[in-house]
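Below is one structure, written out as structure tokens; the observations come after it.
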Amino acid sequence: MIIVSKEELLAFKKLDLLYQMNLLQEQSVRLERKYDCSLEEFRSLVTDSDENYEMWDDLVEWEACNSALLEVRSMLERINAEDIEVR
């Protein structure tokens, strides 16, 4: 039998979330560099331009990445605030 403490589980979960956050941030930075603008600027650029499927695909990816990043940050904040339940 392996015994794992609550603190060890939290440390592991934090590491996992930090890893996810790093991947998502790298993805966002890649898109910022590709288009040399922020997500907000890119969103208005795409909606104001003619149909460019690559740009629309990148916009969907970037918005999903941004949404996931917000969720990961929220989860980290809840863990840091000890708003957790171990089952």
Side-chain angles (χ1 to χ4, degrees):
M1 174 185 280
I2 297 175
I3 299 174
V4 180
S5 70
K6 178 180 174 181
E7 291 76 22
E8 290 171 320
L9 288 173
L10 289 176
F12 177 78
K13 186 61 178 173
K14 280 184 182 181
L15 286 174
D16 180 52
L17 290 171
L18 290 170
Y19 173 74
Q20 289 178 41
M21 190 164 48
N22 185 51
L23 291 177
L24 292 165
Q25 287 172 334
E26 286 177 359
Q27 200 171 1
S28 286
V29 167
R30 180 184 57 80
L31 289 165
E32 284 176 8
R33 287 185 182 147
K34 180 177 180 178
Y35 292 102
D36 194 31
C37 63
S38 68
L39 173 58
E40 294 75 24
E41 293 167 331
F42 185 64
R43 189 180 291 124
S44 65
L45 178 70
V46 171
T47 56
D48 292 343
S49 69
D50 292 334
E51 289 185 19
N52 180 327
Y53 295 111
E54 179 184 357
M55 289 176 69
W56 277 103
D57 287 346
D58 285 344
L59 178 60
V60 169
E61 177 184 344
W62 203 346
E63 287 179 333
C65 178
N66 189 54
S67 177
L69 192 54
L70 292 173
E71 179 62 29
V72 168
R73 285 183 179 146
S74 173
M75 289 175 68
L76 270 173
E77 287 174 7
R78 290 195 314 255
I79 287 174
N80 288 332
E82 297 185 14
D83 181 20
I84 55 169
E85 178 181 338
V86 178
R87 294 183 189 188

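All residue numbers refer to positions in the sequence shown, counting from 1.
Leu31 CG to Met55 CE: the interatomic distance, rounded to the nearest 0.5 Å, is 11.5 Å.
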Give the table of side-chain donor-acceptor pairs shorter than 3.5 Å for residues 35-42, with sequence neighbours excluded, one pair per line with atom names and distance.
{"from": "Tyr35", "atom 1": "OH", "to": "Asp58", "atom 2": "OD2", "distance (Å)": "2.4"}
{"from": "Ser38", "atom 1": "OG", "to": "Glu40", "atom 2": "OE1", "distance (Å)": "3.4"}
{"from": "Ser38", "atom 1": "OG", "to": "Glu41", "atom 2": "N", "distance (Å)": "3.2"}
{"from": "Ser38", "atom 1": "OG", "to": "Glu41", "atom 2": "OE1", "distance (Å)": "3.4"}
{"from": "Glu41", "atom 1": "OE1", "to": "Ser38", "atom 2": "N", "distance (Å)": "2.8"}

Would you mind writing out the side-chain donor-acceptor pairs for residues 62-76 within the sub-3.5 Å range, not counting sequence neighbours?
{"from": "Glu63", "atom 1": "OE2", "to": "Arg43", "atom 2": "NE", "distance (Å)": "2.7"}
{"from": "Glu63", "atom 1": "OE2", "to": "Arg43", "atom 2": "NH2", "distance (Å)": "3.4"}
{"from": "Ser74", "atom 1": "OG", "to": "Arg78", "atom 2": "NH1", "distance (Å)": "3.1"}

Indicate every side-chain donor-acceptor pair of residues 4-14 with a distance under 3.5 Å to a residue at least two apart or in another chain.
{"from": "Ser5", "atom 1": "OG", "to": "Glu8", "atom 2": "N", "distance (Å)": "3.1"}
{"from": "Ser5", "atom 1": "OG", "to": "Glu8", "atom 2": "OE1", "distance (Å)": "3.4"}
{"from": "Glu8", "atom 1": "OE1", "to": "Ser5", "atom 2": "N", "distance (Å)": "2.9"}
{"from": "Lys14", "atom 1": "NZ", "to": "Asn80", "atom 2": "OD1", "distance (Å)": "3.0"}

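Pairs passing the ring pair (Phe, Tyr, Trp, His ring centres under 6.0 Å) check and including a residue from residues 65-87, sequence neighbours excluded, do not occur. Here ring pair (Phe, Tyr, Trp, His ring centres under 6.0 Å) pairs that include residues 68-87, with residues two or more places apart or in two chains, number zero. Sequence neighbours left out, the pairs with a member in residues 19-33 that pass salt bridge (Lys or Arg N to Asp or Glu O under 4.0 Å) are Arg30-Glu61.
Taking Ile, Leu, Val, Met, Phe, Trp and Tyr as members and joining any whose side-chain heavy atoms lie under 4.5 Å apart, directly or through other members, the hydrophobic cluster of Tyr19 also contains Leu23. Other members of a hydrophobic cluster containing Tyr53 are absent, since no ILVMFWY side chain comes under 4.5 Å of it, directly or through relayed contacts.
Residues meeting the side chain to side chain donor-acceptor pair (under 3.5 Å) test with Gln20, sequence neighbours left out: Asp16. When the side chain to side chain donor-acceptor pair (under 3.5 Å) test is applied to Glu54, the partners found at least two apart in sequence or on another chain are Lys34.
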